[in-house]
Every structure is written in C-alpha cells, then in structure tokens.
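Here is the structure we will look at, set down as structure tokens.
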Amino acid sequence: MKKTDWNQYSLETQAVRAGHNRTQEDEHSIPIFATSSYVFGSAEEAALRFSGESPGNIYSRFTNPTVNAFQERLAAMEEGERCLAFSSGMAAIMAVCMGLLKAGDHVVSSRTVFGNTVLLFQNYFAKFGVTTDFVDLTNPAAWEAAIKPNTRFLFLETPSNPLIEIADIQKLAEIAHNHGCLLVVDNVFCTPALQKPLLLGADIIVHSTTKYIDGQGRCVGGAVIASDELIEKYIYPYLRTGGASMSPFNAWVFLSGLETLAIRMKAHCENALELAQWLESQPSVAKVHYPGLASHAQHELAKRQQSGFGGVVSFELQGGKQQAWDLIDATKLLSITANLGDVKTTITHPATTTHSRLSEQERSLAGIRDSLVRISVGLENIDDIKNDINILRAVTGGNL
Ligand SMILES: *Cc1c(COP(=O)(O)O)cnc(C)c1O
C-alpha cells in the first residue's frame with residue numbers, strides 16, 4: 001500500500017498496519033533487517049543508486065527497511081508527509097537545528113523545554129553564532145515580541161515538563177508564519193494519539209520515541225516529522241552526513257510500541273486524571289498541575305487542542321525539598337527514575353534531577369519549586385498507585 005493511502009484510516013488502524021511492505025517471504029510481522037549495507041545488481045545500478053536516479057537502499061546509516069517501516073507508520077499517525085528516525089530524541093532535535101540553522105540565525109524557544117534542549121541552544125549553538133531567546137510558553141505576546149528579522153524558528157514543547165503548561169499551537173503557528181518563521185513542536189508528552197501539531201499549523205514535529213512510543217522503557221530513539229520538502233532539503237541530508245541513525249532493532253521495538261500506543265495513552269490518561277483529582281483533595285498538597293483539572297490555567301485550551309490530558313501529573317507539597325524527598329523515599333512500588341512514558345509509574349524530584357543543571361534563578365523563573373514532585377502515571381491499578389503515595393502519611397506523622 002502506498003503511504004498516502006493511510007490517510008483514509010484512523011490512527012488505531014495506522015498504528016498496527018502502516019509501513020509494512022511485505023517481502024517475498026510473506027511474513028505477517030515486520031522483520032528486523034540486520035544489515036549495514038545492500039548489494040547492487042551491477043556497477044551501473046550502484047552508480048544510479050548513488051546518484052539518486054534509482055531508488056533503493058545503499059547503506060543503513062540513512063535507509064533500512066525496518067527503520068523505513070517505523071518512519072512510514074509514525075508519519076501516517078502524525079498526518080505528516082515524511083518522518084525520519086534518529087538515535088535519540090536529542091539527536092532528532094539536533095538534526096532540526098543542524099539542518100535549518102546557520103551562524104547569525106536566531107531561535108525563540110519556550111523556557112520550559114527539556115533540559116538538554118535548553119543546553120543545546122545555550123551551550124552549543126551559541127558557540128557557532130546562533131542566539132536563542134527563551135520566553136513564557138503560555139504567553140503568545142511574549143513569543144511575538146521576541147521574534148527578530150533573523151529568527152528561523154520557534155521551538156516549543158506542550159504540555160511542558162514538569163509543570164504541564166499548555167501552549168496554543170494554532171496561535172503560535174500563525175505568529176511564526178506571519179513573521180516568516182517555522183514552528184517546531186516537541187510532541188513527546190501527548191504523542192499523535194492525543195495531539196496532532198501539524199494539523200494545528202506546526203511545520204515540524206520532534207519526538208523522543210524513548211518515552212510513550214516505546215512505552216515500556218526499553219530503547220532510546222527519536223524522530224522528525226515534516227513535509228517532504230523540509231525533510232528532503234534540510235533533514236535527510238543531515239541524517240546521511242551527521243549519522244545519528246536509529247538502529248533496526250530499536251525501530252522494530254518502536255514499531256510494536258506504536259501498535260499499542262492508543263490504548264496505552266487512554267489508560268495513562270484515565271489513571272492520571274484519577275490521581276490528579278485525588279491529590280487535589282489532599283490537605284497537605286498545595287497545588288496539583290494537571291490540564292484535566294478545572295483548576296488548571298489552560299484547561300479549556302487543553303480540552304480543545306488535545307484528545308486526552310496525558311499521563312504526567314506534578315504537585316507541590318506544603319513543605320520544602322525534604323518533604324518531597326521523604327514522599328519519594330517512602331514509596332515502595334513506584335520507580336524513582338527521571339524517565340517518563342513507561343507502563344511503570346515513575347516518581348521524580350525535578351529541582352534536584354532533571355532540572356538541577358539550571359541555575360536557581362532559571363528554576364525560579366520556570367516555576368520549578370523545591371517542593372515539586374513529578375509523577376509519570378503508569379498502568380498499574382490506580383488504587384495501588386494512590387496507596388503507595390499515601391505512605392507519606394506515615395513519614396509526616398499523618399499530615400498527608
Ligand atoms: C526525553 C525527552 C527528550 C530527549 O529525548 P531522548 O530520547 O532522551 O534523547 C526531548 N524532549 C522531551 C519532551 C523529552 O521528554
């Protein structure tokens with residue numbers, strides 16, 4: 001089936017069927033093509049492939065049938081023309097930057113993007129003469145004010161980590177396009193099962209497939225989805241040269257991850273909403289950050305833009321860092337790890353882990369307090385998850 005034909009099917013169907021071009025062996029499941037290179041029928045055929053006149057594989061740094069299958073499937077699910085897979089989420093973001101930026105360019109990014117994304121702009125691209133301004137994710141006027149004549153793209157992550165704030169993708173796409181810039185959206189927290197940034201006007205999506213797309217915490221990977229034109233002109237040449245490719249084995253793991261993505265996301269959302277509501281009812285919890293709660297500042301926007309509220313909840317205790325650490329240490333079931341998007345519930349203290357490399361001032365600007373705890377809600381029974389967090393009652397003498 002041609003990849004364009006997948007548009008007529010819904011996401012659940014694309015997730016289990018798209019991308020598989022059956023070989024002459026008639027296999028039902030997508031095989032792992034463990035091969036670094038490919039054989040040509042003749043010297044002439046080799047020359048035609050290298051010149052691009054004849055399609056077909058040359059070398060697995062830039063094309064591999066298993067990786068191609070993953071790319072086609074994710075492109076269909078994001079309703080994009082083309083996807084390229086990378087060795088990690090950061091490698092995918094790096095590819096967008098390397099492909100699109102040159103010395104003298106400018107980027108506007110939300111302040112609350114993934115910590116390494118901030119460092120990539122601040123510590124590395126700055127060295128090569130690309131400047132970045134960081135703005136408040138939720139304030140479109142601030143984005144517009146930060147745009148300069150040399151701004152190449154706006155970069156955002158929505159919902160953000162760890163405060164789960166929501167950006168208005170449609171509005172920011174309009175602002176970007178009015179100023180001749182592109183909009184790049186990191187869609188890790190929602191995945192295409194909950195949010196389709198390209199349909200809202202974004203130009204490029206980046207993914208860390210390490211999170212919900214794998215869903216079971218096994219492999220590290222990333223992806224970029226965009227129009228044929230953007231991929232062909234800016235991203236593919238960089239992949240071929242830069243070389244941060246996804247391995248066929250990882251692509252095979254992510255392909256099966258995609259097959260269960262929609263039902264997993266539904267279950268993550270249900271558990272997360274129930275946990276957020278329960279946390280909000282606890283007297284010792286000062287604030288719960290979850291877009292599914294009516295108390296969330298962008299609750300209406302989240303309802304409009306997303307088909308579910310996601311699996312990550314964060315909350316602030318009334319005490320400081322020690323109380324947050326006590327709560328985390330008192331859990332028996334939850335995993336103390338900074339990863340997210342796993343079937344296993346994970347708990348972390350952002351100020352001293354994922355966001356510890358930010359200065360105190362940067363953390364304070366981003367609203368990441370010492371009392372903040374982040375939970376990526378997994379697929380265990382929700383009562384078991386609640387009971388495990390409840391153990392703080394013992395730690396604090398029954399105050400939570
Ligand atoms: C994890 C993550 C990344 C980076 O992905 P890796 O696969 O760890 O390189 C980028 N953005 C978000 C939102 C993430 O959660």
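A distance of 5.0 Å separates CG in Asp388 from OG1 in Thr331, rounded to the nearest 0.5 Å. Considering CZ of Arg240 and CZ of Arg61, their distance stands at 8.0 Å, rounded to 0.5 Å. A distance of 7.0 Å separates CD in Glu380 from CG in Leu334, rounded to the nearest 0.5 Å. Atom CG in Leu194 sits 9.5 Å away from atom CG in Leu11 (nearest 0.5 Å). Note: Gln195 CD to Leu200 CG = 6.5 Å, rounded to the nearest 0.5 Å. To the nearest 0.5 Å, atom CG of residue Leu48 and atom OG of residue Ser54 are 5.5 Å apart.
Between Phe153 and Phe121, the ring-plane angle classifies as tilted under the 30° and 60° cut-offs. Ring pair Phe70/Phe254 is tilted by interplanar angle, where 30° to 60° counts as tilted.
At least one donor-acceptor pair under 3.5 Å links the side chain of Ser160 to the backbone N or O of Glu165. Without hydrogens or angle criteria, Thr66 side chain to Phe33 main chain gives a donor-acceptor distance under 3.5 Å. For the pair Thr35 (side chain) and Ser37 (backbone), a donor-acceptor distance under 3.5 Å is present. Without hydrogens or angle criteria, Glu280 side chain to Val288 main chain gives no donor-acceptor distance under 3.5 Å.
Each ring-ring contact (aromatic ring centres under 6.0 Å, His included) pair with one or both residues in residues 226-246, not counting sequence neighbours, would appear here, but there are none.
Between the side chains of Thr63 and Asn57, at least one donor-acceptor pair of N or O atoms lies under 3.5 Å. No hydrogens or angles considered: a donor-acceptor pair under 3.5 Å links the side chains of Asn161 and Arg374. For the residue pair Thr138/Asp136, the side-chain donor-acceptor check at 3.5 Å is satisfied.
Salt-bridge check for Glu232 with Arg82: passed, with a basic side-chain N closer than 4.0 Å to an acidic carboxylate O. Taking 4.0 Å as the cut-off between side-chain N and carboxylate O, Lys303 and Glu300 count as a salt-bridged pair. Using a cutoff of 4.0 Å between basic side-chain nitrogens and carboxylate oxygens, Lys386 and Glu274 are scored as salt-bridged. The pair Glu316-Lys287 fails the salt-bridge criterion, with no side-chain N (NZ, NE, NH1 or NH2) lying under 4.0 Å from an Asp/Glu carboxylate O. A salt bridge between Glu259 and Arg73 is present, with a side-chain N of the basic residue lying under 4.0 Å from a carboxylate O of the acidic one.
With a 6.0 Å cutoff to the six-membered ring centre and a 45° limit on the axis angle, Lys211 counts as a cation-pi contact of Phe114. Judged by a 6.0 Å distance limit and a 45° cone about the ring axis, Arg111 is not positioned over the six-membered ring of Phe134.
If you chain together hydrophobic residues whose side chains sit under 4.5 Å apart, Ile389 and Ile336 fall into the same group.
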Less than 3.5 Å apart, which donor and acceptor atoms pair up between the side chains of residues 86-104 and the rest of the protein, not counting sequence neighbours?
from: Ser88; atom 1: OG; to: Met90; atom 2: N; distance (Å): 3.4
from: Ser88; atom 1: OG; to: Ala91; atom 2: N; distance (Å): 3.0
from: Lys102; atom 1: NZ; to: Asp105; atom 2: OD1; distance (Å): 3.2

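Under the rule for a side-chain hydrogen bond (donor to acceptor under 3.5 Å, both in side chains), the partners of Tyr38 that lie at least two apart in sequence or sit in another chain are Ser60, Asn64.
Across all non-hydrogen atoms, the minimal contact from Pro192 to Leu74 is CG-CD1, 4.2 Å. When all heavy atoms of Phe315 and Val285 are compared, the closest pair comes out as CB-CG1, 4.1 Å. For Ile166 against Gln298, the heavy-atom pair with the smallest separation is N-OE1, 2.9 Å. The two residues Ser245 and Leu239 make their nearest non-hydrogen contact at CA-CD1, 4.0 Å. The two residues Thr158 and Ala167 have their closest heavy-atom pair at OG1-N, 2.9 Å. In terms of heavy-atom proximity, Ala85 sits nearest to Val67 at CB-CG1, 3.8 Å.
Each of Glu78, Gln305, Glu79 was scored for a side-chain hydrogen bond (donor to acceptor under 3.5 Å, both in side chains) with Lys196, with one residue passing: Glu79.
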Criterion salt bridge (Lys or Arg N to Asp or Glu O under 4.0 Å) on Lys266 and Glu270, from CA distance to verdict: CA-CA 6 Å; Lys266 202 179 272 182; Glu270 277 170 19; over 6 Å; no

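For Arg17, the CZ atom counts as loosely surrounded, since its 6.0 Å shell holds 12 or fewer non-hydrogen atoms of other residues, nucleotides or ligands. Shown here is Glu44, whose CD atom has no more than 12 heavy atoms of other residues, nucleotides or ligands within 6.0 Å.
Ring centers of His296 and Phe309: at least 6.0 Å apart, outside the cut-off.
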